[in-house]
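First up is the structure itself, then whatever we jot down about it.
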Amino acid sequence: MSMIETIPTLDLTRSRAQFPALAQTVNAHPAVFFDGPGGTQVPQRVIDAISGYLGHDNANSGGAYATSRRTDAVIGEARAAMADFLHCQADEVMFGLNMTQLTFAMSRAIGRELKAGDEIVVTRLDHDANVSPWLAMAEERGVTVSWAEIHDEDCTLDMADLAAKINSKTKLVAAGYASNAVGTINPVKEIVGLAHAAGALAYIDAVHYGPHGLIDVAALDCDFLVCSTYKFFGPHMGVLFGKREHLLRMRPYKVRPLTDAIPFRWEFGTLNHECIAGITAAVDYFADLGRQIEPCRDGRLGRPSSEARPLPASGTTERRAAIIAAHAAIHEHERALLERMIAGLRQIPKLKIYGITDPARFEERCSTLAVRIEDGKPEHLPLPLATKLGERGFFTWDGNYYALNLTEHLDVEKTGGFLRIGLVHYNTLEEVDRFLAALREIAGV
Ligand SMILES: Cc1ncc(COP(=O)(O)O)c(C=O)c1O
């Protein structure tokens with residue numbers, strides 16, 4: 001039997017074997033990567049795609065010769081892959097350095113359509129990358145900013161407050177899909193509905209949600225959605241979805257020789273082609289995960305169990321269907337990890353978990369946990385804890401991870417923020433158990 005305890009639908013041994021980094025040790029301890037929210041590890045195929053591009057296809061785009069043509073093809077393939085990942089058209093997909101850079105660029109362009117007296121809404125729960133670009137734009141344009149607050153007791157968005165902050169002057173609602181600090185998943189479709197009812201745009205930050213759940217921009221009907229491929233097993237890059245009508249209407253800040261065709265008019269300067277090659281491989285990693293779980297028969301997904309499952313909607317590619325299957329299995333596995341982790345953390349005296357802890361509400365959160373040991377001992381603050389855990393091979397994060405408005409609001413910023421434990425699908429129940437034992441030992445309980 002495998003050393004790794006597996007959950008039925010996900011072949012964890014096979015998945016983990018694809019990530020070379022997972023085999024590392026620290027001080028003779030196996031490395032445990034609970035740092036996914038800061039960036040996940042990559043499967044070998046992503047590494048191969050990046051080096052393969054550099055070794056064979058490396059050129060600038062748009063030239064009339066072989067490597068440049070291949071580069072254009074590589075970019076086109078990645079756009080098609082991300083269109084399957086997000087459920088949109090390929091010309092609605094734009095690549096950039098990262099989510100923050102893409103959002104600053106888009107906020108400037110959206111700002112061109114706003115005037116003094118207009119309003120925008122941001123949330124207390126969001127990563128600062130979905131806040132500061134909007135604040136800067138608002139300052140420049142004389143736009144009023146409203147903040148949607150949270151329920152402190154479970155770190156969920158106060159939807160009544162959000163609805164109350166939206167009115168006929170609101171032009172944009174910027175909200176996160178999932179919190180990178182406390183793991184809360186927001187009711188994004190509802191948020192988009194509230195924005196649209198007021199005639200406002202909805203800009204969704206799906207960076208943290210990407211590795212945990214299926215993104216469907218068509219179903220959400222959001223105007224923009226942004227994510228970062230390095231959070232879901234790909235290279236360090238950002239991807240922006242925009243509805244075609246906006247991409248055509250709005251005016252980018254661009255250089256004159258750059259075409260006005262979409263999506264290119266929204267991509268500034270030379271892109272990171274090698275990483276773009278890696279993006280296709282990351283999406284195909286998801287798809288292959290799904291294909292292993294639910295083998296494709298006659299182009300359709302069949303499920304081995306008797307459980308009924310809707311067939312892919314018409315127009316859905318086979319790869320999209322496989323990504324849907326992968327996410328179902330990832331969800332199931334992460335849920336098991338989360339249950340085990342929360343049950344264990346709750347046994348540690350004076351340890352406080354921020355966010356939802358009731359298993360009956362786990363559909364409202366993902367497997368990212370923010371905790372503090374509140375026993376007044378300086379050695380149990382987030383940074384010393386993360387350092388001691390790191391020496392034993394457990395990679396966690398401490399601080400605010402740029403969810404600064406949240407850590408300030410909850411008054412933990414001055415004392416080091418939270419210890420963040422991020423669980424993704426390549427983590428195992430055995431790692432969770434070892435982590436809990438180490439944490440108990442370090443906490444002296
Ligand atoms: C929820 C969330 N939004 C935005 C970002 C910023 O992403 P990027 O590093 O791609 O700019 C992060 C990064 O941690 C994040 O977790």
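Hydrogens, waters and symmetry mates are skipped; everything else that's a heavy atom, side chains included, is used. Counting starts at 1 for both ligands and their atoms, following the listed order. Because the structure is predicted, anything quoted here is derived from the model rather than measured.
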- Item | Modelled atom types, side-chain donor and acceptor of D126 and N405, under 3.5 Å | no
- Could you point out which residue of R251, K171, R141, R249 forms a salt bridge (Lys or Arg N to Asp or Glu O under 4.0 Å) with E113? R249
- Exactly one candidate in R320, E77, M82 meets side chain to side chain contact (heavy atoms under 4.5 Å, CB included) with V283; the answer is M82
- Query: What about M99: any of its N or O atoms under 3.5 Å from an N or O on ligand 1?
  - Reply: yes
- Closest to atom 13 (C) of ligand 1 (heavy atoms only, candidates H208, M237, H236, K231) is K231
- Partner set under salt bridge (charged side-chain N to carboxylate O under 4.0 Å, His left out) for R108, not counting sequence neighbours: none
- Note: Y230, heavy atoms under 4.0 Å from ligand 1, region reported as side chain
- How far is atom 15 (C) of ligand 1 from its nearest protein heavy atom, and which residue and atom name does that atom have? H127 CD2, 3.2 Å
- Atoms of ligand 1 less than 4.0 Å from S228 heavy atoms? 7 (O), 8 (P), 10 (O)
- Item | side chain to side chain donor-acceptor pair (under 3.5 Å) partners for H151, two or more places apart | none
- Message: For D205, state whether at least one heavy atom is located under 4.0 Å from any atom of ligand 1.
- Response: yes
- Note on the structure: among protein heavy atoms, the one nearest atom 16 (O) of ligand 1 is N180 CB, 3.2 Å
- Query: So, Q292 and D288: side-chain donor and acceptor under 3.5 Å apart, yes or no?
  - Reply: no
- Quick one: CG on L338 to SG on C366, what's the gap to the nearest 0.5 Å? 8.5 Å
- Using a strict 4.0 Å cut-off to heavy atoms of N98, name the atoms of ligand 1 that fall inside it. 8 (P), 10 (O), 11 (O)
- Which part of T100 is near ligand 1, with near meaning a heavy atom under 4.0 Å away: side chain, backbone, both or neither? both
